[in-house]
Student: 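This structure is in structure tokens; I'll ask about it shortly.
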There are 2 protein chains.
Amino acid sequence: MTSQLAIHLQNSFDINHQELDKVLGFFKYKKVLKNEILLNKNETAKHLYFVLSGSVRAFFIEEDGLEATRYIAFENNFITSLNSFIKQEPTNEYLQATENGELLALSYDSFKTLLSTVAIWKDFYIKQLEVAYTTNHWRLESFIKMDAKQRYDYLIEIYPQMIQRLSNKTVASYLGITQESLSRIKVKR
Amino acid sequence: MTSQLAIHLQNSFDINHQELDKVLGFFKYKKVLKNEILLNKNETAKHLYFVLSGSVRAFFIEEDGLEATRYIAFENNFITSLNSFIKQEPTNEYLQATENGELLALSYDSFKTLLSTVAIWKDFYIKQLEVAYTTNHWRLESFIKMDAKQRYDYLIEIYPQMIQRLSNKTVASYLGITQESLSRIKVKR
DNA sequence: GATTTTTTTTATCATTTATCAAAGTTTTAG
DNA sequence: CTAAAACTTTGATAAATGATAAAAAAAATC
């Protein structure tokens, strides 16, 4: 079950077998059902998840009950509530499986152990932070520069699976608009 | 001139004098004038800047000529076009001094040298990435969850100096709205 | 300190997006 | 398989924001 993660890590790093075995040993397999909540608001993120199959999203719930999705991780991507995980403080967002799927979970303690015992893990963490930063960066850019229709067209272009695999409701919450607006945008294309 | 950076680094890390001297030696002092451009679109970010005084912003210029500000660094913060700096690829944004000020510049080559020769520098870089990520994160959150007025109120609360020290035009471009809209929002308060 | 230039405010009108409501459609659960 | 629940679409209306223009205020330049 960890071979998929092994391949992913080997593709990114010059990691030897000893290191790889040690790293993989810390991950725990976890099966999740669609809509299953992995982390609630005000809890502290205890795990970093690697998505083997399916997808997981991080989202806020606003005062008025509306959802706003910050990030969606598909296969071979990591997800957690990073601010909470880094500082081990309560989060203000939720983590939820958006499809049935399989994950590998790394606990915060294991994460810290890896940081101090496996040299390459620090490089891994840097890479993860860079990717997370880049992802947030282009997403922020899209919000600053584009209107809803432009953001939708952009999403289709660079992340078509998001529209194919997820509900309109989820896509709308990712685009920062209502379901009704998304529905109208789709008609206009 | 580097003592300010020294204090900043010592506050964040358990860094010894040898390491500190080596790190500081790589930074070059630079005086900048308000509105001075430090990096142009399509150029590759060659420097990471530490702001001693004044402020520096990163912004896009849209097709229609409107500006959209991604980030503004005040004293004791670092700024660069990180995606470009990390990958040494052309950037799609500009860096500009928003006030007269003083900077310390670290070249990409020096940055890489530090990464491979000063152990603590890797931890520094991780910290920088974490801060950059966190900054982008709350900013993205504000765009997804809030309308323009809410974003403005939020900015006053957590970043009052931005409104005090920068022009309406710059603040508006940071909030992702037009100057006219900002002007109206201010009246409504 | 007078004069340009830039920035900010105000007004009007157009466009985008939200809100509310209702009717279809699809999915889920028993 | 059927009933209930959830999701999607459509319509009407309201609110937020943008675009354009012009006046007022502030800042920069000589």
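Lettering of chains follows the sequences in order, A, B, ..., and the numbering in each one begins at 1.
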Student: Give the rounded distance in Å between these two atoms: CD1 of I144(A) and P of dT17(D).
Tutor: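 Atom-to-atom, I144(A) to dT17(D), this comes out as 16 Å.
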
Student: For nucleotides 20-26 of chain C, give me every protein contact, N/O to N/O, under 3.5 Å, one pair per line with atom names.
Tutor:
residue	atom	partner	partner atom	Å
dC20(C)	N4	E180(A)	OE2	3.4

Student: Starting the side chain at C-beta, find the nucleotide from dT17(C), dT10(D), dT17(D) nearest to V187(A).
Tutor: dT10(D)

Student: Are the side chains of I185(B) and L175(B) in touch, meaning some heavy atoms are under 4.5 Å apart?
Tutor: no

Student: If you measure only the distance, is there a donor-acceptor pair under 3.5 Å linking the side chains of Y125(B) and E130(A)?
Tutor: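 Side-chain D/A pair, Y125(B) to E130(A): present.
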
Student: Give a yes/no answer on whether the side chain of K149(B) brings an N or O atom under 4.0 Å of OP1 or OP2 in dA16(D).
Tutor: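 Answer is no, no contact under 4.0 Å.
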
Student: Is L38(A) close to K30(A) at the side-chain level, that is, under 4.5 Å between some pair of heavy atoms?
Tutor: yes

Student: Do Y29(B) and L52(B) make a side-chain contact, defined as non-hydrogen atoms from C-beta onward lying under 4.5 Å apart?
Tutor: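 Answer yes - side chains close enough.
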
Student: What is the distance, rounded to the nearest whole Å, between atom CE of M146(B) and atom C1' of dT17(D)?
Tutor: 18 Å

Student: Please report, to 0.1 Å, the donor-acceptor pairs under 3.5 Å made by any side chain of residues 114-122 of chain A, with sequence neighbours excluded.
Tutor:
residue	atom	partner	partner atom	Å
S116(A)	OG	K112(A)	O	3.2
S116(A)	OG	T113(A)	O	3.2
T117(A)	OG1	T113(A)	O	2.7
K122(A)	NZ	D123(B)	OD1	3.0

Student: Are the side chains of N76(B) and F50(B) in contact, using a 4.5 Å heavy-atom criterion?
Tutor: yes

Student: Output the rounded distance in Å from CD1 (I177(B)) to P (dT9(C)).
Tutor: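 In whole Å, dT9(C) P lies 12 Å from I177(B) CD1.
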
Student: For the pair made of CG in L166(A) and C1' in dT27(C), what is the distance, rounded to whole Å?
Tutor: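 It is 16 Å, rounded to the nearest whole Å.
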
Student: Hey, which of these two, S183(A) or G176(B), hits DNA chain D nearer its 5' end, going by closest nucleotide?
Tutor: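 Residue closer to the 5' terminus by nearest nucleotide: S183(A).
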
Student: Please check: side-chain N/O of T2(B) versus main-chain N/O of L5(B), any donor-acceptor pairing under 3.5 Å?
Tutor: no

Student: Write down the distance between CG (L182(B)) and P (dA19(D)), rounded to a whole number of angstrom.
Tutor: 15 Å

Student: With axes from five pairs an end, tell me the bend angle of the helix from dG1(C)-dC30(D) to dG30(C)-dC1(D), nearest 10°.
Tutor: 70°

Student: For every nucleotide of nucleotides 25-30 of chain D, 5' to 3': is a protein heavy atom under 4.0 Å from its base (B), only from its sugar-phosphate (S), or from neither (-)?
Tutor: ------

Student: When you get a sec, tell me which of dT9(C), dA16(D), dT17(C) is the closest nucleotide to the side chain of S181(A)?
Tutor: dT17(C)

Student: Is K127(B) close to F13(B) at the side-chain level, that is, under 4.5 Å between some pair of heavy atoms?
Tutor: yes

Student: On the ring face of F60(B), is K145(A) found with NZ or CZ under 6.0 Å from the centre and within 45° of the axis?
Tutor: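 K145(A) over F60(B) ring: yes.
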
Student: With a 3.5 Å cut-off and sequence neighbours excluded, list the donor-acceptor pairs that the side chains of residues 78-99 of chain A form with protein atoms.
Tutor:
residue	atom	partner	partner atom	Å
T80(A)	OG1	H47(A)	O	2.8
S81(A)	OG	T91(A)	OG1	2.7
S81(A)	OG	E93(A)	OE2	3.0
N83(A)	OD1	T134(B)	OG1	2.8
N83(A)	ND2	H137(B)	ND1	3.3
S84(A)	OG	A45(A)	N	2.9
S84(A)	OG	E89(A)	O	2.5
Q88(A)	OE1	K46(A)	NZ	3.3
Q88(A)	NE2	A45(A)	O	2.8
Q88(A)	NE2	F85(A)	O	3.1
T91(A)	OG1	E93(A)	N	3.0
N92(A)	ND2	E141(B)	OE1	3.3
N92(A)	ND2	E141(B)	OE2	2.8
E93(A)	OE1	R70(A)	NE	2.8
E93(A)	OE2	R70(A)	NE	3.4
E93(A)	OE2	R70(A)	NH2	2.9
Q96(A)	OE1	R57(A)	NE	3.0
Q96(A)	OE1	R57(A)	NH2	2.9
Q96(A)	NE2	N35(A)	O	3.2
T98(A)	OG1	S55(A)	O	3.0
T98(A)	OG1	S55(A)	OG	2.7
E99(A)	OE1	S55(A)	N	3.4
E99(A)	OE1	S55(A)	OG	2.8
E99(A)	OE1	R165(A)	NE	3.3
E99(A)	OE1	R165(A)	NH2	2.7
E99(A)	OE2	R165(A)	NE	3.2

Student: Would R139(A) pass as a cation-pi partner of Y174(A), given that its NZ or CZ must be under 6.0 Å from the six-membered ring centre and within 45 degrees of the axis?
Tutor: yes

Student: Quick check: do I163(B) and Y159(B) have side-chain heavy atoms less than 4.5 Å from each other?
Tutor: no

Student: Taking CG in D14(A) as the centre, count heavy atoms belonging to other residues, nucleotides or ligands within less than 6.0 Å. Is the count above 12?
Tutor: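 It does not: D14(A) CG has 12 such atoms or fewer within range.
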
Student: Calculate the interatomic distance between R151(A) atom CZ and dT16(C) atom P; express it in whole Å.
Tutor: 13 Å

Student: Report yes if some heavy atom in the side chain of I144(A) is under 4.5 Å from a heavy atom in the side chain of F59(B); otherwise report no.
Tutor: no

Student: With 3.5 Å as the limit, what N/O pairs link the protein to nucleotides 5-7 of chain D?
Tutor:
residue	atom	partner	partner atom	Å
dC7(D)	OP2	K169(A)	NZ	3.1

